[in-house]
Protein chains: 2
Amino acid sequence: MLMDLSQAKRVVDDALSACHTLIVVGDCSVRYHGRAASKLASGERIIIVKSDGSFLVHQNKGMAAINYQPPKNNRISTELSTNTLIIKAMRRSPKEILEVIFTSVLFAQAFPMRDDSSLKVFGTEKNLADLLMQDLELIEPGLRPLKQESPLQKGMIDIFARDRDGKNVIIELKRRTAGLSSVTQLKRYVDEVDQRIGQETRGILCAPSITPNALKSLEKWGLEFVRLDFEVSNPSAKIKGLQPKQKGMGEFL
Amino acid sequence: MLMDLSQAKRVVDDALSACHTLIVVGDCSVRYHGRAASKLASGERIIIVKSDGSFLVHQNKGMAAINYQPPKNNRISTELSTNTLIIKAMRRSPKEILEVIFTSVLFAQAFPMRDDSSLKVFGTEKNLADLLMQDLELIEPGLRPLKQESPLQKGMIDIFARDRDGKNVIIELKRRTAGLSSVTQLKRYVDEVDQRIGQETRGILCAPSITPNALKSLEKWGLEFVRLDFEVSNPSAKIKGLQPKQKGMGEFL
DNA sequence: GCGATCAGCGGCACG
DNA sequence: CGTGCCGTTGATCGC
């Protein structure tokens, strides 16, 4: 089950020069120094080096790689000493170094990995915005869309609209429970538009749910929350239902 | 180079029942339906199934898995039909299903993956807070620490302190460039403390740098920025230097 | 379990 | 490049 380290080095070097995807499994320790620094004592891990230079170290637990190197400006090299095979990934800007020191290699192989497909995702915030743009009446009667992804100095408005009274409405969309940051984000947009246009602007936070704290802040600032239920299906996302919530119930301290 | 699909299924099933870590490489398409939905047409990918149920699909590019299933409440099953081997990962709460349909398998193997080590990271925000707590004079003469990680209704204050004039000071720490959200976060804390204590509270944003927009907002609200340079070394993080920046230079509109 | 925040966040899009 | 922000964010910690 064990692989000779020099043979492993050959496999690794060949994979790197051929720009193939490399998988190595073995006992290793890991050192990282860059934006932060880390040490990982020895254990059996999976290392993946992709053709674009992405470098991953996976433990047997968790979704996220325990150590890694992002795919750009990443030079990978190997070193063989008596008892260890070191695979090093160096990156500049920011200067970072990742070093995987193998004491034993169980498996090492290169794969060409032909793949021309890219992922199609449905149910993103952008999808929801597209849907809502087609029927803002779902949120409120008389609400008409003006602009999607309207650029502001301090961010981007998801949907800019006008209500039945001709008042400007900023809609901030969230695909999941809105928290404090969503509220401050909306507040920031409303403030900037208020100040630029010089007239009262409404702000509506549109999300499947909102945390209690976020709701309190929202109401304190005179913003509104509209509950949005959506459902993802395979060729698109659908809006299941909208439940307006009365505003201004909180005490304006 | 090709592997019989029924043989691959055996390897996969054995790995799952033994709770080993599984690696499969082959030509597959992927379907996902859950919090969002996605489709990925056929191509060669690496699939990793970890002992805790983490399920990863990696293309030959990029650091992040293109499709995945998080490590909990995740039931994995296999199906063999005439031309395909399907590996399914089903999860409840939220209900999500990930389906990988292999038309050919180049490699499939289980690894026991003994690993008892956990990552030690240095240079985290918590590290910096610990360091600063030991010498707040670095930020400003006479500044004395009161409490670290002081819980607030709307979040957690990194460092709560008192300045030479006896005024309360809230310090928000960032390990990288502070943006608008960092400023609104600090503002939120200062507002809450102002309101609860009923006396003027200073807010200091401490980060290696700050974006222009964030600085403008900061100054508009009368908050302060202190530049913090730190350096990570292997057994700890060090503070390299601190450069106070004069406040209140912006026009208070 | 929810809530809030950090993360070596990664990734994308825009200026 | 930086700035801002979404993400099937994940991971952690407190309640």
Side-chain angles (χ1 to χ4, degrees), chain A residues 32-38 54 56 61-72 91 93-98 119 121-129 149 151-158 172-182 185 188-189 209-214 232 237, chain B residues 32-38 54-55 57 61-72 91 93-98 119 121-129 149 151-158 172-182 185 188-189 209-215 232 237:
Chain A
Y32 158 71
H33 191 101
R35 287 168 291 175
S38 72
S54 303
L56 306 172
K61 287 175 192 173
M63 259 218 32
I66 191 71
N67 274 118
Y68 54 88
Q69 199 74 281
K72 281 165 188 169
R91 180 196 189 201
S93 176
K95 193 182 177 188
E96 297 195 289
I97 181 166
L98 178 63
L119 189 72
V121 190
F122 310 100
T124 63
E125 186 191 288
K126 179 66 166 49
N127 279 164
L128 299 182
E149 300 198 20
L152 226 50
Q153 194 159 15
K154 302 183 182 180
M156 192 95 100
I157 296 176
D158 285 338
E172 175 60 31
L173 215 52
K174 288 297 164 197
R175 69 180 311 285
R176 55 175 184 170
T177 303
L180 289 166
S181 64
S182 303
Q185 192 184 349
R188 203 194 309 145
Y189 300 156
S209 57
I210 187 169
T211 65
N213 269 339
V232 292
Chain B
Y32 159 71
H33 190 101
R35 286 167 290 176
S38 72
S54 302
F55 194 118
V57 181
K61 288 174 190 171
M63 258 217 32
I66 190 70
N67 274 120
Y68 55 88
Q69 198 76 279
K72 280 167 188 169
R91 178 196 190 203
S93 176
K95 194 183 177 188
E96 297 195 289
I97 181 167
L98 179 63
L119 189 71
V121 190
F122 311 100
T124 63
E125 187 191 286
K126 178 66 165 51
N127 279 164
L128 299 183
E149 302 199 18
L152 226 50
Q153 191 160 18
K154 301 182 180 178
M156 193 94 102
I157 296 177
D158 285 338
E172 175 60 32
L173 215 53
K174 288 296 164 201
R175 69 179 313 286
R176 54 176 184 171
T177 304
L180 290 167
S181 64
S182 304
Q185 190 184 353
R188 203 195 309 146
Y189 300 157
S209 58
I210 186 169
T211 65
N213 268 339
L215 183 59
V232 292

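Note on naming: letters A, B, ... go to the chains in the order of the sequence lines (proteins, then strands), and numbering restarts at 1 for each one. Everything numeric here is computed off the predicted structure, so don't read it as measured data.
With sequence neighbours excluded, no residue satisfies salt bridge (Lys or Arg N to Asp or Glu O under 4.0 Å) with A:Lys95. In terms of the side-chain contact (heavy atoms from CB on, under 4.5 Å) criterion, residue partners of A:Thr177 (sequence neighbours excluded) are, by chain and number, A:Ser209, A:Thr211. In this structure, B:Arg176 has no salt bridge (Lys or Arg N to Asp or Glu O under 4.0 Å) partners at least two apart in sequence or on a different chain. Residues passing the side-chain hydrogen bond (donor to acceptor under 3.5 Å, both in side chains) test with B:Ser182: none are found, sequence neighbours excluded. Residues meeting the salt bridge (Lys or Arg N to Asp or Glu O under 4.0 Å) test with B:Lys61, sequence neighbours left out: none. Looking at residues two or more places apart in sequence or on another chain, you find a side-chain contact (heavy atoms from CB on, under 4.5 Å) between A:Asn67 and A:Val30, A:Tyr32, A:Ser38, A:Leu40, A:Val57, A:Leu98, B:Leu119. Remark: B:Arg188 pairs with no residue by the salt bridge (Lys or Arg N to Asp or Glu O under 4.0 Å) rule, at least two apart or across chains. Taking the side-chain contact (heavy atoms from CB on, under 4.5 Å) definition, one finds that A:Pro212 meets it with nothing, sequence neighbours left out. Residues passing the side-chain contact (heavy atoms from CB on, under 4.5 Å) test with B:Ile97 are B:His33, B:Lys88, B:Met90, sequence neighbours excluded.
Taking the P atoms as reference points, C:dA4 lies 23 Å from C:dG8, given to the whole Å.
DNA chain C is contacted by both A:Ala36 and B:Lys154; B:Lys154 maps to the nucleotide lying nearer its 5′ end (nearest heavy atom per residue). Mapping A:Ile66 and A:Ala214 onto DNA chain C via the closest heavy atom, the residue that lands nearer the 5' end is A:Ala214. Both B:Asn213 and A:Leu119 lie near DNA chain D, and the one whose nearest nucleotide falls closer to the 5' end is B:Asn213.
Within 4.0 Å of A:Glu172, counting heavy atoms only, lie sugar-phosphate atoms of the nucleic acid but no base atom. Within 4.0 Å of A:Gly155, counting heavy atoms only, lie sugar-phosphate atoms of the nucleic acid but no base atom. Among the atoms of the strands shown, only primed sugar atoms or phosphate atoms (P, OP1, OP2) are found under 4.0 Å from some heavy atom of A:Pro212. A:Ser38 comes within contact range of no nucleotide atom at all, as no heavy-atom separation falls under 4.0 Å. Among the atoms of the strands shown, only primed sugar atoms or phosphate atoms (P, OP1, OP2) are found under 4.0 Å from some heavy atom of B:Gln185. In this structure, B:Ser181 reaches neither bases nor backbone, as no heavy-atom distance under 4.0 Å exists between it and the strands shown.
When atom types are taken as modelled, the side chain of B:Glu149 and the backbone of B:Met156 share no donor-acceptor pair closer than 3.5 angstrom.
Within residues 173-180 of chain A, the residues having any heavy atom closer than 4.0 Å to DNA chain D are, in order of number, A:Lys174, A:Arg175, A:Arg176.
For the pair B:Arg91 and B:Glu96, the salt-bridge criterion is met [side-chain N within less than 4.0 Å of a carboxylate O].
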Quick one: which protein N/O atoms are closer than 3.5 Å to N/O atoms of nucleotides 11-15 of chain D? Pair and distance per line, please.
residue, atom, partner, partner atom, Å
D:dA11, OP1, A:Met63, N, 2.8
D:dA11, OP1, A:Ala64, N, 3.1

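Taking 4.0 Å as the cutoff to heavy atoms of chain A, we find the contact window on DNA chain C bounded by C:dG3 to C:dG11.
Rounded to whole angstrom, the span from the OH atom of A:Tyr189 across to the C1' atom of D:dC6 amounts to 11 Å.
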